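What you see is a predicted model, and the numbers here were worked out from it, not measured in a lab. Numbering of residues begins at 1 and proceeds along the displayed sequence. Side-chain atoms are counted along with the backbone in the values below, which use heavy atoms only and exclude waters and symmetry mates. Counting convention: from 1, in listed order, for ligands and their atoms alike.
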Amino acid sequence: MSSIKIAPSILSADFGQLGSEINKLEKAGADMIHVDVMDGHFVPNLTIGPPVIKALRSYSTLPFDVHLMITPVHKYIEDYARAGADIITIHPETTNNLESSINLIKKLNKKIGLSLNPDTPIDAIKKNLSSIDLVLIMSVYPGFGGQKFIPEVVNKIKELNNIKKKQNIKFDIEVDGGINFDNSKLVIAAGANILVSGTTIFKENNGDIKKNIDSLKLI
Ligand code: DX5
Ligand code: ZN
């Protein structure tokens, strides 16, 4: 079995039937469900919040990988934990006190992820790497699905993977934005082990989700 996990982003799903879309993803072999939460402030787009996540919870037993693109994030963390998030990923720019937001997510017994925008250096979270579960490397500027992959992030993934190996620490490396059947191989070779994908999963091969999930895992 492949050690690469696929986290389909429901941003590209049919919002009129999110429940059945999530169900389809699970049946097609998705490893987790990536939920993009946008506030129209940290990013120039608005999506869904805790009540929708809570309503979707019963449609799948897969982990909900909740990517919070909201600021200030801290006061909302608990709402997302209660709504049914399993992994809560935040951007360091969205909290006044990164350590305390990390600790809050841990206290709520959720996995903690930190996300780096294309222009945010690894240095911004270097001292937190040993206390988190996941780093989400953005390969587009967050806000919208369907954007073009920024190739420079491949080196960033390599750099992060080198730090991980050198310091012998364990965390997942997840990549998000513009992932397709070509660059998937590049990011996996660079050290990523979780791939987020919206457009490729839902639109390629006439929407054959299973085929698209399987193809993204190929190396
Ligand atoms: C961008 C989101 C991504 C994105 C992925 O802000 O965080 O999850 O929707 O979608 P594609 O694969 O279409 O880039
Ligand atoms: Zn995302």
Side-chain angles (χ1 to χ4, degrees), residues 4-15 18 21-22 25 28 30-49 52-53 56 62-71 73 76 80 85-94 110-120 132-154 156-157 172-188 192-205 207-209 211-217:
I4 303 303
K5 292 182 173 170
I6 305 297
S9 164
I10 55 169
L11 198 56
S12 299
D14 178 350
F15 266 37
L18 278 181
E21 292 279 76
I22 283 176
L25 290 171
D31 295 285
M32 54 185 90
I33 305 291
H34 187 81
V35 184
D36 286 306
V37 176
M38 305 185 182
D39 68 349
H41 179 49
F42 179 63
V43 289
N45 195 7
L46 277 169
T47 56
I48 60 172
V52 178
I53 294 175
L56 291 175
L62 292 177
F64 276 14
D65 173 33
V66 177
H67 177 194
L68 297 180
M69 290 161 273
I70 63 175
T71 187
V73 72
Y76 296 108
Y80 287 94
D86 298 284
I87 304 166
I88 299 181
T89 295
I90 64 173
H91 287 252
E93 296 89 345
T94 60
K110 303 298 175 186
K111 287 197 169 178
I112 156 77
L114 294 180
S115 182
L116 295 175
N117 273 352
D119 54 5
T120 304
I132 61 172
D133 299 293
L134 173 156
V135 177
L136 177 64
I137 301 275
M138 293 308 302
S139 40
V140 298
Y141 284 89
F144 302 94
Q147 301 185 74
K148 209 173 156 304
F149 179 81
I150 299 171
E152 285 77 16
V153 301
V154 174
K156 196 177 191 176
I157 297 167
D172 289 308
I173 301 181
E174 184 176 23
V175 191
D176 186 4
I179 294 293
N180 59 35
F181 301 131
D182 297 319
N183 59 34
S184 56
K185 295 172 182 61
L186 298 178
V187 299
I188 291 169
N193 67 310
I194 307 176
L195 310 188
V196 175
S197 166
T199 308
T200 297
I201 295 278
F202 285 96
K203 313 273 186 244
E204 286 298 325
N205 294 306
D208 184 338
I209 293 174
K211 186 171 184 181
N212 295 336
I213 289 176
D214 291 345
S215 306
L216 282 176
K217 286 188 177 183

What closest approach, in Å, do [X] and [Y] show between heavy atoms, and which atom pair accounts for it?
| X | Y | value |
| --- | --- | --- |
| His67 | Asp176 | ND1-OD2, 3.2 Å |
| His91 | Ser115 | CE1-OG, 3.2 Å |
| Phe181 | Ser215 | CE2-CB, 3.5 Å |

Checking the side chain of [X] only, and the main-chain atoms of [Y] only, is there a donor and an acceptor separated by less than 3.5 Å?
| X | Y | result |
| --- | --- | --- |
| Asp214 | Lys211 | no |
| Asn45 | Gly143 | yes |
| Asp133 | Gly113 | no |

Distance-only donor-acceptor check, side chains Asp36 and His34, under 3.5 Å:
yes
For atom OH of Tyr76, decide whether the heavy atoms of other residues, nucleotides or ligands shown that lie under 6.0 angstrom number more than 12.
no
Give a yes or no on this: more than 12 heavy atoms of other residues, nucleotides or ligands lie within 6.0 Å of atom NZ of Lys148.
no
Inventory of protein N or O atoms under 3.5 Å from ligand 1 N or O:
residue: ligand 1; atom: 6 (O); partner: Gly143; partner atom: N; Å: 2.8
residue: ligand 1; atom: 7 (O); partner: Asp36; partner atom: OD1; Å: 2.9
residue: ligand 1; atom: 7 (O); partner: His67; partner atom: ND1; Å: 3.3
residue: ligand 1; atom: 7 (O); partner: Asp176; partner atom: OD2; Å: 2.9
residue: ligand 1; atom: 8 (O); partner: Asp36; partner atom: OD1; Å: 3.2
residue: ligand 1; atom: 8 (O); partner: Asp36; partner atom: OD2; Å: 2.7
residue: ligand 1; atom: 8 (O); partner: Asp176; partner atom: OD1; Å: 2.7
residue: ligand 1; atom: 8 (O); partner: Asp176; partner atom: OD2; Å: 3.2
residue: ligand 1; atom: 12 (O); partner: Gly198; partner atom: N; Å: 2.8
residue: ligand 1; atom: 13 (O); partner: Gly146; partner atom: N; Å: 2.8
residue: ligand 1; atom: 13 (O); partner: Thr199; partner atom: N; Å: 3.1
residue: ligand 1; atom: 13 (O); partner: Thr199; partner atom: OG1; Å: 2.4
residue: ligand 1; atom: 14 (O); partner: Gly178; partner atom: N; Å: 2.8

Anything protein N/O/S under 2.8 Å from the Zn ion (ligand 2)? Just list residue and atom, please.
His34 NE2, Asp36 OD1, His67 ND1, Asp176 OD2
